[in-house]
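A quick write-up on the structure given underneath.
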Amino acid sequence: MSLKDIIAPFSVWKRAFEKPYTTRKPLDERPGAPRFRGFHMNDMDTCIGCGTCGEICQNEAIDLVPVSGTRHGDSGLRPKIDYGRCCWCALCVDICPTSSLGMSNEYIWIDNDPEVFRFIPGHDDKPWNNSELGYRKAEGYDLLDGKRVEMPMLSFEESRKSFIEMVQGYSVEQAKAEADRCVACGICVATCPAHMKVPDYIKAIRDDDMDEGLKIVYNANPLPASCGRVCSHTCEYVCAVKHKGEALSIRWLKRYIIDQIYLGDYQKVLEEGEPGNGKSIAIVGSGPGGLSAAYYLSLLGYAVTLYDANDKAGGMLRYGIPEYRLPYDQIDKDIDYIQSLGVRINQNTRIGRDIPFLTIYNEHDAVFFSTGLTDPYGLDIIGEDLKGVIPGLAMLDDVTNGITPDIQSSVVVIGGGNVAMDAARTSKRLGAEVTVLYRRREVDMPAEEEEIHESQGEGCILITQAIPLRIEKGDTTRLKLYWGKAEMVPDGPGRRPKPVLIEGSGEMIECDTVIPAIGQAADFSFLPEEISSNLSFKRGYVEVNEFYQTADQKIFAGGDIANPQRDAISAIANGHSAAKGIDIFINNFSDNRNTSGENQ
Amino acid sequence: MVDAKKQDVRSKFPPVENGKSRYNLNSGKYLKIWQGPQHPGVTGNMSLELTICGDEVVDCKTHVGYLHRGFEKLMERRKYIQCFPLVCRICVPEPDFNEYLFAVCAEELAGIQVPERANWLRTLTLEMARLASFLMWIGGQAGSLGMGTIGQWTMTMRDYMLDLFEELSGGRVYHMYIIPGGVRADLPAGYGERVESTLKQVEKVLKDVELSLMHNYVFKKRTKGLGIITPDMIDEYGITGPNARGSGIKRDIRKDNPYMVYNQLDFDIITETGSDAYARTWVRLKEMYQSIDLIRQMMEKMPKEGPFFQKLPNVLHWKIPVGQTYHKSESTRGEYGFYMVSDGTELPRRVYVRGPSYTHAVTLMERLAVNTNIADTAGLMVSLHTYPPEIER
Ligand SMILES: Cc1cc2nc3c(=O)[nH]c(=O)nc-3n(C[C@H](O)[C@H](O)[C@H](O)COP(=O)(O)OP(=O)(O)OC[C@H]3O[C@@H](n4cnc5c(N)ncnc54)[C@H](O)[C@@H]3O)c2cc1C
Ligand code: SF4
Ligand code: SF4
């Protein structure tokens with residue numbers, strides 16, 4: 001023991017003169033650090049209610065509760081956080097795909113009512129709602145991947161010369177990696193017209209369980225080989241992951257599942273239908289609407305007979321959409337399976353011409369028609385009837401039928417939708433120089449972005465704000481197309497600006513062929529007067545209820561003639577709803593509901 | 001405990017039969033008292049069942065079970081990413097070792113390589129955590145021997161360290177900063193300067209602590225000879241960390257099995273030979289200076305930029321291939337380890353946490369407490385630097 005040991009401790013007496021370190025609330029304020037994980041805040045307008053925050057929260061502190069009317073791609077729910085459970089880990093902030101969720105640096109909140117500590121950040125009025133400081137996901141750190149696994153595609157060099165399918169499909173590794181990006185929020189399910197269980201089949205891909213995937217897909221869509229290629233994929237536009245960059249490649253993942261399984265193996269995997277119930281249904285039109293209704297009706301035990309005017313089934317999938325987007329063998333794969341369930345398809349049978357509508361109406365327990373849009377709109381300009389003016393639909397129809405359309409070496413396509421793009425790119429493949437004229441701006445084009453991009457990649461020239469004026473016989477070419485420049489004029493709030501011809505502007509293109517592709521209308525002439533007078537029509541659509549039942553109880557209708565989306569998946573969804581509707585109708589309301597089997 | 005045969009009636013020790021002490025509490029010679037689970041001297045929620053003779057401890061039984069939160073079991077029901085906010089809670093004063101070990105086990109099994117800078121930032125946090133944890137421990141060590149004021153100074157310094165953690169990670173106590181894949185954020189702008197100024201303050205206080213504690217007649221008198229750990233006990237009990245180094249054993253995982261960037265840092269294993277509470281106090285005090293030095297070295301040597309996080313598979317359904325692994329690191333209290341078993345699903349099959357306090361507080365304490373004064377048991381226990389939360393998980 002030294003003297004130091006006695007004296008040394010006293011040397012720290014000096015500390016008595018130091019200033020206290022204590023923060024004297026409320027005299028002193030001590031704000032949380034700029035990154036402090038304090039109380040949550042949420043930008044209500046950016047949040048889409050995907051629930052991923054709730055999914056990751058290990059404390060189950062987050063419930064998704066309804067707060068507002070639903071916007072497109074928004075579940076209408078918002079996270080409500082229970083501060084009795086939260087541990088302020090901020091994983092919810094890290095995973096939030098829209099980055100709407102954050103934390104303020106506020107950390108003192110006193111109340112004598114425990115209920116208030118369950119609150120909806122951003123929705124409930126809190127002093128920290130607009131705090132600049134607080135925890136945000138750091139740059140360079142991310143739990144989700146916004147980048148899509150690139151799809152192997154034919155190069156434009158190759159694609160413009162052939163009808164070989166352009167999109168080549170994912171490999172196993174690619175599909176799994178892409179499937180891994182899904183957050184399984186299900187906003188896609190709500191948006192898909194057929195409400196396909198997307199997260200579930202994506203999970204099946206991750207689990208390498210193709211049988212499970214096939215089952216899930218067929219539960220809502222009996223044309224997946226086709227849809228996996230050409231679906232309008234509204235799901236991808238609302239995908240939560242899209243907020244981080246690129247949406248999940250939902251459509252191509254569906255295709256991946258189908259590509260993995262031979263048609264011959266479907267039967268081992270998919271559910272068997274119910275035994276025949278002795279009822280029969282007639283379906284007019286073998287497009288996606290008719291085929292879908294046929295599939296689900298035969299699963300329910302109905303004897304289904306399909307009538308179609310064309311040589312082969314598939315409707316616009318086969319006769320409209322070109323082979324390089326949807327190869328015929330893939331449509332066949334879908335149809336062959338439906339047919340294998342016992343669906344009878346009578347091709348080359350036009351109802352109204354070959355068989356009167358009333359015949360099938362009287363012979364069957366119910367009728368479903370999904371006859372599509374077959375009458376192309378005219379351009380309504382002088383010279384439209386000249387040789388060399390070929391409607392897009394007719395031209396595409398020829399190609400499917402193996403007839404080389406007489407387009408010669410230069411083509412002008414008029415229109416901005418998918419039909420216009422298909423006609424243009426098909427013409428390109430047939431060796432023509434192609435120009436596309438569209439009335440509005442590129443952003444207004446109804447065709448899909450990738451279609452526009454690919455058509456240009458293949459060398460089609462796009463001229464926007466161009467209004468066709470008249471067509472004349474050409475000198476060196478077959479035709480001369482005169483067109484004028486349009487300016488975009490505002491058309492009232494909430495409406496897109498409309499194109500108005502600039503007086504005096506006039507240009508001319510020499511070409512051999514003009515392909516109008518500006519839309520098409522339905523042809524209801526197959527319905528006899530006594531039937532059509534009972535149905536109601538509105539703006540070219542036949543009016544139906546939620547089960548796609550028309551005003552005539554026994555007649556159901558769907559597809560392009562009954563829904564404004566006018567795409568394959570909506571037609572498929574309509575067919576499915578109609579099948580359910582027909583089943584309900586026949587079991588409950590039909591006159592001969594008790595005579596099941598008697599007249600068989 | 002003494003052998004029954006050698007039993008002397010005047011001995012304070014009760015006779016031992018079949019390896020168990022037998023005392024007659026009615027004899028008036030012995031008294032049983034409980035220290036804890038609510039007692040400032042027992043470093044948290046555990047208790048000592050002391051049998052005393054006069055004021056001397058003749059038998060000690062340790063009891064745990066007051067703090068079982070079931071973390072290991074909880075992890076079996078959580079996805080890997082969801083375990084990440086859990087693990088820090090296993091040990092309050094020093095959460096970062098849990099974060100690091102959980103991350104490194106998951107990364108090894110999943111075959112994920114973290115960027116270099118992440119390892120520097122991780123090591124930095126571990127040393128900051130060591131310093132902060134020791135600052136709290138001093139308070140206990142001094143306080144348990146009646147010098148509460150020293151603890152107030154060091155707790156303030158710990159709070160300043162927590163300010164640094166708050167700035168870096170957004171949290172003061174539970175940092176949740178080391179995540180599988182790397183760390184969650186880079187250093188904030190100007191962080192180095194604030195680290196340095198805090199370290200300077202801490203150093204100043206440590207000097208005062210040294211004067212008022214290590215050169216304090218009372219402290220010396222009470223800690224010298226208290227809780228002697230002899231070299232033969234080291235492996236028998238599985239003693240690691242400063243408890244071993246205080247007995248002259250050169251054992252430090254940072255040197256023996258260097259992980260992360262420790263082999264790029266310049267430091268020696270600190271040992272003392274006294275084997276008692278006083279020696280252990282010196283080891284820890286010197287290790288605090290060492291941590292300060294290591295933090296400074298890292299702030300200087302660390303690459304100034306570069307990625308700090310390696311992208312993981314989607315954590316919402318991250319499956320880790322079948323496998324098992326054990327990783328350890330040198331915590332303030334010795335070997336801290338995580339044993340992880342994956343069965344290939346989204347949930348860990350088993351995560352076992354090896355906290356050094358298990359050996360030190362449960363078995364070693366039972367032995368060392370015998371023959372001490374009641375008044376010294378608190379000081380003794382703190383000198384083993386034990387934390388019940390990591391015993392029970
Ligand atoms: C060129 C083109 C490209 C398209 N691209 C896409 C795309 O990429 N993605 C997408 O989702 N959608 C696309 N569509 C739209 C899609 O093809 C249609 O929405 C879908 O096919 C509509 O299905 P449906 O069942 O209503 O009728 P349709 O597919 O039009 O089929 C109707 C069927 O009914 C038959 N029919 C009509 N009247 C009679 C009668 N009286 N008797 C017997 N049979 C009759 C027709 O022969 C035809 O087979 C495209 C359409 C076209 C024209
Ligand atoms: S994860 Fe983000 S966008 Fe989704 S519900 Fe939560 S806060 Fe909203
Ligand atoms: S901070 Fe963590 S515990 Fe709290 S709500 Fe978010 S995820 Fe859940």
Side-chain angles (χ1 to χ4, degrees), chain A residues 1-16 18 20-23 30 32-38 52 55-59 87-91 93-95 103 105 107 134-145 177 179-185 203 206-207 241, chain B residues 74 77-79 81-86 88-89 147 149-150 152-153 155-157 159-160 163-172 174 176 179 181-186 188 205 207-221 307-309 311-319:
Chain A
M1 204 61 56
S2 65
L3 189 61
K4 188 179 178 193
D5 293 347
I6 311 273
I7 297 169
F10 292 99
S11 65
V12 297
W13 264 106
K14 60 178 189 282
R15 299 197 68 85
E18 294 219 348
Y21 296 115
T22 325
T23 305
R30 189 202 172 277
R35 276 182 198 170
F36 192 77
R37 294 192 307 267
T52 314
E55 191 56 35
I56 200 168
C57 176
Q58 58 105 3
N59 291 313
C87 70
W88 283 272
C89 66
L91 278 181
V93 176
D94 291 352
I95 199 96
M103 279 167 158
N105 65 337
Y107 58 92
Y135 182 84
R136 308 284 187 279
K137 184 167 61 60
E139 191 107 357
Y141 160 71
D142 211 333
L143 294 179
L144 294 177
D145 193 349
D180 190 49
R181 301 201 301 133
C182 175
V183 297
C185 64
K203 177 174 185 299
R206 287 198 305 270
D207 295 346
V241 178
Chain B
L74 287 174
R77 298 285 182 279
R78 276 169 175 69
K79 298 178 183 175
I81 195 71
Q82 294 180 314
C83 296
F84 147 79
L86 265 190
C88 52
R89 295 172 161 79
M147 288 159 245
T149 323
I150 293 176
Q152 293 178 11
W153 310 335
M155 280 305 275
T156 307
M157 290 307 115
D159 254 332
Y160 287 158
D163 283 354
L164 290 177
F165 271 116
E166 177 182 339
E167 211 193 317
L168 179 66
S169 70
R172 295 179 67 76
Y174 294 134
M176 297 179 266
I179 193 165
V183 293
R184 266 169 126 183
D186 211 334
V205 169
K207 288 263 154 15
D208 287 347
V209 170
E210 210 180 307
L211 285 174
S212 52
L213 199 66
M214 304 316 288
H215 297 292
N216 182 327
Y217 177 77
V218 180
F219 186 74
K220 273 186 167 174
K221 181 111 178 100
F308 54 84
F309 181 74
K311 190 140 223 146
L312 301 172
N314 188 339
V315 293
L316 293 171
H317 32 245
W318 184 20
K319 286 184 183 162

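The figures that follow rest on heavy atoms only: side chains count, while hydrogens, waters and symmetry mates do not. Protein chains get the first letters and strands the later ones, always in sequence-line order, with residue 1 at the start of each. A quick note: this is a predicted structure, and the numbers were derived from the prediction, not measured.
The minimum heavy-atom distance linking B:Phe309 with A:Asp142 is given by the pair CE2-O, 3.2 Å.
Within the 4.5 angstrom heavy-atom criterion, only side-chain atoms of A:Arg30, from C-beta onward, approach chain B. The contact between A:Lys14 and chain B is made entirely by side chain atoms (from C-beta outward), counting heavy-atom distances below 4.5 Å. Contacts of B:Lys207 with chain A are absent, with no heavy-atom separation under 4.5 Å from either backbone or side chain. In this structure, no portion of B:Met155 lies under 4.5 Å from any heavy atom of chain A. In this structure, chain B has no heavy atom under 4.5 Å from any part of A:Ala184.
The closest side-chain heavy-atom distance from B:Met176 to A:Leu91 is not below 4.5 Å. Side chains of B:Arg89 and A:Cys87 form a contact here, defined as non-hydrogen atoms less than 4.5 Å apart. Side-chain atoms of B:Asn314 and A:Asp145, non-hydrogen and from C-beta on, never get closer than 4.5 Å to each other. Annotation: side chain of A:Asn105 is not in contact with side chain of B:Glu166 (no heavy-atom distance under 4.5 Å). Between A:Gln58 and B:Leu74 the shortest side-chain heavy-atom distance does not fall below 4.5 Å. The shortest side-chain heavy-atom distance between B:His317 and A:Asp207 does not fall under the 4.5 Å cut-off. Between B:Arg184 and A:Asp94 the shortest side-chain heavy-atom distance falls below 4.5 Å.
Considering NZ of B:Lys319 and CG of A:Asp180, their distance stands at 10.0 Å, rounded to 0.5 Å. Of the inter-residue distances, the one linking B:Ser212 atom OG with A:Trp13 atom CH2 reads 12.5 Å to the nearest 0.5 angstrom. For the atom pair A:Glu139 CD and B:Phe308 CZ, the distance stands at 8.5 Å (nearest 0.5 Å). Here A:Glu18 contributes atom CD and B:Thr156 contributes atom OG1; the two are 10.0 Å apart, rounded to the nearest 0.5 Å.
In this view, A:Glu55 satisfies the side-chain hydrogen bond (donor to acceptor under 3.5 Å, both in side chains) rule with no residue, not counting sequence neighbours. Looking at residues two or more places apart in sequence or on another chain, you find no ring-ring contact (aromatic ring centres under 6.0 Å, His included) involving B:Phe219.
Looking at B:Lys311, its side chain never comes within 3.5 Å of a backbone N or O of A:Tyr141 through a donor-acceptor pair. The closest donor-acceptor contact from the side chain of B:Arg172 to the backbone of A:Phe36 lies at 3.5 Å or more, if one exists at all. Although no hydrogens or angles enter the test, the distance criterion places a donor-acceptor pair under 3.5 Å between the side chain of B:Gln82 and the main chain of A:Ile56.
Per-residue heavy-atom pair counts under 4.5 Å with chain A were compared for B:Cys88, B:Gly181, B:Pro85, and the maximum is reached by B:Pro85. Annotation: maximal heavy-atom pairing with chain A below 4.5 Å, among B:Val218, B:Ile81, B:Leu312, occurs at B:Ile81. Heavy-atom pairs under 4.5 Å with chain A were tallied for B:Leu213, B:Leu168, B:Val183, B:Val209; the largest tally goes to B:Leu168. Highest contact tally toward chain A, considering only B:Gly182, B:Gly171, B:Pro307, is held by B:Gly171 [criterion: heavy-atom pairs under 4.5 Å].
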